[in-house]
Amino acid sequence: MTNGDSIVSSGSPSYGMIKTETQGRVAVITLNRPKALNALCSELFHEINDALARFDGDEGIGAVVLTGSERAFAAGADIKEMKDTEFIDNYKNNFLGHWVEQIGQMRKPIIAAVNGYALGGGCELAMMCDIIYAGEKAVFGQPEINLGTIPGAGGTQRLTRAVGKSKAMEMILTGTVNLNASEAQAYGLVSAVFPPEKLVEETIKTAAKIASKGAVSVQMAKEAVNQAYELNLSSGLHFERRLFQATFGTKDQKEGMAAFSEKRKPNFVHK
Ligand code: CO8
């Protein structure tokens, strides 16, 4: 951190499977279920969602980092937990539907810092984030086909958009073709690769940089980029222009442009 702050526990003793910390305006959520390689059981996902909701609603936080251990970001949904569930209950109870709810609603940027395995639901969780950084030994894959099932939290959609149809088909249909960190970067799935021990630190630096900008324009920029996946070009350009115009109603736009003109650093107030 440029301001020299040390990492401070933001305190939530009720979490048993994640750790949360804040560093300045950055929140860090660390998946902490090492014996199961951070397999995403229901309790773990509820904790992730709870922490995300808390940080999204905290004005003192401008960006969130989501990470795991050096061995595993997450090795997928918890196979042991779900293996005996039945279609009719899964359908009626919208099994694992809550996975996508909070991350999809997040207004603040989330950066995934992926070391080790990001398989199945773990790869999907990383792809739900806004930016993915990887450690050199990261492994991205969708092995669900080996279990007699298919990706269920965005793998067939987000991976295909990220790496193209042929590679996504190869990964999802074989369940054994994975991407290492440099391949994932070459495909554009991840935007930077770091030595494993530097990954979280470097990710926090980027998150801090984002969190130092005006929070309203950061949220609007995130919203506009995400519309690129939903809208045709003319609707997307229209959406972008309206948000661009709206930024002129914020204090931060006045401050940012005044600071440029006065050759000084802006002092954003996130309003
Ligand atoms: N679920 C449950 N436990 C797991 C999982 C998992 N996904 N992955 C690893 N573990 C456990 C192992 O069972 C083992 O536990 P134990 O010591 O009690 O036997 C422990 O973690 C360590 O694992 P390994 O001994 O296997 O470690 P290795 O280093 O030998 O292998 C691997 C690491 C390659 C990652 C291996 O563990 C593996 O293949 N794991 C399964 C990967 C996988 O298939 N993931 C996909 C799961 S399905 C899924 O994610 C569907 C998502 C759908 C979302 C739907 C939303 C609507």
Side-chain angles (χ1 to χ4, degrees), residues 16-19 30-50 52-53 66-106 110 112-129 132 134-163 167-181 183-184 189-190 196 199 229:
M17 295 195 174
I18 61 171
K19 291 184 196 164
T30 305
L31 311 194
N32 185 31
R33 200 188 170 204
K35 286 187 183 154
L37 302 183
N38 292 331
L40 300 161
C41 61
S42 197
E43 188 182 340
L44 174 52
F45 230 95
H46 277 114
E47 290 189 1
I48 295 170
N49 281 340
D50 185 82
L52 287 173
L66 185 62
T67 192
S69 67
E70 283 202 18
R71 194 167 167 216
F73 178 72
D78 190 320
I79 299 165
K80 294 166 192 168
E81 185 182 72
M82 70 183 155
K83 69 183 176 46
D84 295 323
T85 63
E86 295 290 343
F87 163 73
I88 196 66
D89 296 321
N90 291 347
Y91 183 77
K92 283 194 336 201
N93 302 329
N94 192 20
F95 177 57
L96 299 185
H98 64 279
W99 273 35
V100 291
E101 280 162 19
Q102 186 55 43
I103 298 195
Q105 285 167 20
M106 282 292 284
I110 317 177
V114 176
N115 264 324
Y117 297 112
L119 298 177
C123 186
E124 291 171 312
L125 176 60
M127 292 191 293
M128 288 178 216
C129 298
I132 307 177
E136 282 158 356
K137 292 183 182 154
V139 179
F140 297 86
Q142 298 286 167
E144 291 90 341
I145 207 84
N146 301 318
L147 302 167
T149 185
I150 70 167
T156 64
Q157 304 302 302
R158 292 197 178 94
L159 187 66
T160 306
R161 282 165 164 83
V163 305
K167 183 48 87 176
M169 283 285 193
E170 188 187 22
M171 292 172 70
I172 290 166
L173 299 184
T174 68
T176 49
V177 173
N178 297 328
L179 295 179
N180 63 31
E183 289 166 332
L189 180 67
V190 312
L199 173 68
Y229 286 94

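Quick caveat, the model's predicted, so the values are computed rather than measured. Counting begins at 1 with the first residue of the sequence. In each ligand, atom 1 is the first atom listed, and ligand 1 is the first ligand listed.
Annotation: side chain of Leu159 is in contact with side chain of Met171 (closest heavy-atom distance under 4.5 Å).
Annotation for Leu199 and Gly135: closest pair CD2-N, 3.6 Å, computed over non-hydrogen atoms.
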Which protein N or O atoms sit under 3.5 Å from any N or O of ligand 1? Give atom names and distances.
| residue | atom | partner | partner atom | Å |
| --- | --- | --- | --- | --- |
| ligand 1 | 1 (N) | Ala77 | O | 3.4 |
| ligand 1 | 1 (N) | Ile79 | N | 2.9 |
| ligand 1 | 7 (N) | Ala75 | O | 3.0 |
| ligand 1 | 7 (N) | Ala77 | O | 2.9 |
| ligand 1 | 13 (O) | Lys80 | NZ | 2.8 |
| ligand 1 | 15 (O) | Lys80 | NZ | 3.4 |
| ligand 1 | 18 (O) | Lys80 | NZ | 3.4 |
| ligand 1 | 21 (O) | Lys35 | O | 3.3 |
| ligand 1 | 27 (O) | Arg71 | NH2 | 3.3 |
| ligand 1 | 29 (O) | Arg71 | NH2 | 2.8 |
| ligand 1 | 45 (N) | Ala75 | O | 2.9 |
| ligand 1 | 50 (O) | Ala77 | N | 2.8 |
| ligand 1 | 50 (O) | Gly121 | N | 2.7 |

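Counting only residues at least two apart or on different chains, the side-chain hydrogen bond (donor to acceptor under 3.5 Å, both in side chains) pairs with a member in residues 78-92 are Arg33-Asp78, Thr85-Asn90. For residues 135-145, the pairs satisfying side-chain hydrogen bond (donor to acceptor under 3.5 Å, both in side chains) are Gln142-Glu144, with sequence neighbours left out.
The line from CD of Glu124 to CG of Leu96 is 10.0 Å long, rounded to the nearest 0.5 Å.
Residues forming a salt bridge (Lys or Arg N to Asp or Glu O under 4.0 Å) with Lys167 (at least two apart in sequence, or on another chain): Glu170.
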